[in-house]
Amino acid sequence: MQTMKPHLGGISQECRDAMQTKINGLAKPVGGLGKLEAMAVRIAGIEQTTNLRTKHRCCLVFAADHGVERAGVSATPRKVTWQQAINTLAGHTTVAALAKANNCDVKVIDVGVDYDLSGTGVIDKKIVMGTKNMVNEPAMTRDEAVQSICAGYNVAQQAIAAGNDLLLVGELGMGNTTPASAIISVILGVPAEEVVGRGSIISDKRLAHKTAVVNQAIRDWQPDATDAVDVLAKVGGFEIGAKVGAMICAAENKTPLILDGFISYSAAVLAERLIPGITDYLVASHFSREIGSQKALNWLGLTPLLDLNMAVGEGSGAVISLGLIDSMQSILENMNTLAELDIRYVK
């Protein structure tokens with residue numbers, strides 16, 4: 001990654017308009033396909049063509065552990081991070097199973113797992129063995145935060161060079177809804193109580209503790225809401241930083257990047273604060289049931305394609321949305337046009 005302030009080139013409004021005209025000319029009611037139409041227009045603007053490129057796609061699952069998990073904010077033990085990293089490559093996790101159904105390649109990238117994954121097939125971009133416990137000290141150094149962004153950028157660049165038309169991002173990291181909540185709270189300037197959710201279905205008591213942890217970390221380390229890297233370093237996670245890097249790379253390469261759920265929203269919030277306008281290159285796949293989701297999506301100006309009450313993570317919701325993209329591609333390629341059928345609507 002050459003710079004943290006890349007030139008993105010801009011979305012093609014001409015291609016957006018041309019795609020909308022193309023869709024309006026199909027033998028159906030104008031606007032009848034709702035969000036599918038908006039999605040196609042969005043992708044056309046990013047790719048700068050009305051002949052959408054969507055066949056080759058890869059889900060980048062970034063994995064890392066969190067020191068704050070040791071503060072008792074999650075019901076799931078940290079060993080699940082490395083176990084699911086291996087299970088994903090074996091095809092036995094939610095994202096892996098869904099990827100098989102949606103013709104999507106999956107890469108697992110270790111950017112900070114607290115376990116030696118050498119020889120497993122997991123891509124090694126490990127920075128350190130997990131972040132620090134942000135209850136006691138900042139989660140990482142500023143240099144480590146930059147390293148995580150660069151790691152995600154470099155992996156995304158390799159995926160695009162391999163011929164992928166679409167990138168999807170997912171994650172593995174027990175306890176990561178805590179840093180995600182902290183990031184969104186800081187950048188949006190909203191109380192932690194409005195964004196901290198139950199994550200791994202924790203109890204009321206543990207939820208109150210988790211909220212207190214986020215409040216304490218923000219109070220003690222005073223992350224600068226105007227500086228995305230500072231926020232990432234003080235209350236973030238390595239897999240969140242890696243997602244930011246992947247977003248930057250995708251935008252530079254005019255490659256649509258499909259977000260997953262709440263953890264992806266937090267990365268998108270950081271990316272938008274770092275590079276205003278980068279959200280235009282992102283597609284929101286689904287609405288996460290974490291309570292901070294609506295605030296984050298409103299701030300980003302994104303409307304998800306789906307609302308399935310999901311909270312799996314891993315990239316699962318992003319992969320499910322590929323079915324909608326494939327459906328729209330089939331419509332664009334196979335439907336009759338109004339002109340072909342000599343149909344004229346009378347208003």
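All figures in this text were calculated on a predicted structure; none of them were measured in a lab. All values below come from the heavy atoms of this structure, side chains included, with hydrogens, waters and symmetry mates left out.
Glu37 has a carboxylate O that lies under 4.0 Å from a charged side-chain N of Lys28, or vice versa, which qualifies the two as a salt bridge. Here Arg57 pairs with Asp326 in a salt bridge; the nearest charged N to carboxylate O distance falls below 4.0 Å. For the pair Asp65 and Lys126, the salt-bridge criterion is not met [side-chain N within less than 4.0 Å of a carboxylate O].
The stretch residues 69-96 participates, sequence neighbours left out, in these salt bridge (charged side-chain N to carboxylate O under 4.0 Å, His left out) pairs: Glu69-Arg78, Arg70-Asp114, Arg78-Asp114.
Looking only at atom types and distance, the side chain of Asn154 has no donor-acceptor partner in the side chain of Gln157 under 3.5 Å away. Under 3.5 Å, the side chains of Asp224 and Thr226 contain a donor-acceptor pair of N or O atoms. Under 3.5 Å, the side chains of Glu252 and Tyr153 contain a donor-acceptor pair of N or O atoms. Using a 3.5 Å distance cut-off with no hydrogens or angles, the side chains of Thr279 and Glu272 do pair a donor with an acceptor. Using modelled atom types and a 3.5 Å distance limit, the side chains of Gln13 and Asp17 yield a donor-acceptor pair. Side-chain contact of Ser285 with Ser321: a donor-acceptor pair under 3.5 Å is absent, judged by distance alone. Side-chain atoms of Thr303 and Lys35 include no donor-acceptor pair closer than 3.5 Å. Lys125 and Ser148 form no side-chain donor-acceptor contact under 3.5 Å, judged by distance and modelled atom types alone. Counting only N and O atoms by type, the side chains of Asn24 and Gln20 include a donor and acceptor under 3.5 Å apart.
To the nearest 0.5 angstrom, Asn136 atom CG is 9.5 Å from Asp220 atom CG.
Judged by distance alone, with hydrogens and angles left aside, the side-chain atoms of Asn102 form no donor-acceptor pair with the main-chain N or O of Cys104 at under 3.5 Å.
For the side chain to side chain contact (heavy atoms under 4.5 Å, CB included) criterion with Thr81, the lone passing option out of Val113, Asn176, Leu117 is Val113.
Linking Ile, Leu, Val, Met, Phe, Trp and Tyr whenever their side-chain heavy atoms come within less than 4.5 Å leaves Met174 and Met134 in two separate clusters. In the hydrophobic clustering of this structure, Phe238 groups with Val135; members are Ile, Leu, Val, Met, Phe, Trp, Tyr whose side-chain heavy atoms approach within less than 4.5 Å, directly or through other members.
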Start with the C-alpha distance between Gln329 and Thr54, add both sets of side-chain angles, then the distance that settles side chain to side chain donor-acceptor pair (under 3.5 Å), and finish with yes or no. CA-CA 8 Å; Gln329 274 286 50; Thr54 63; 3.0 Å; yes

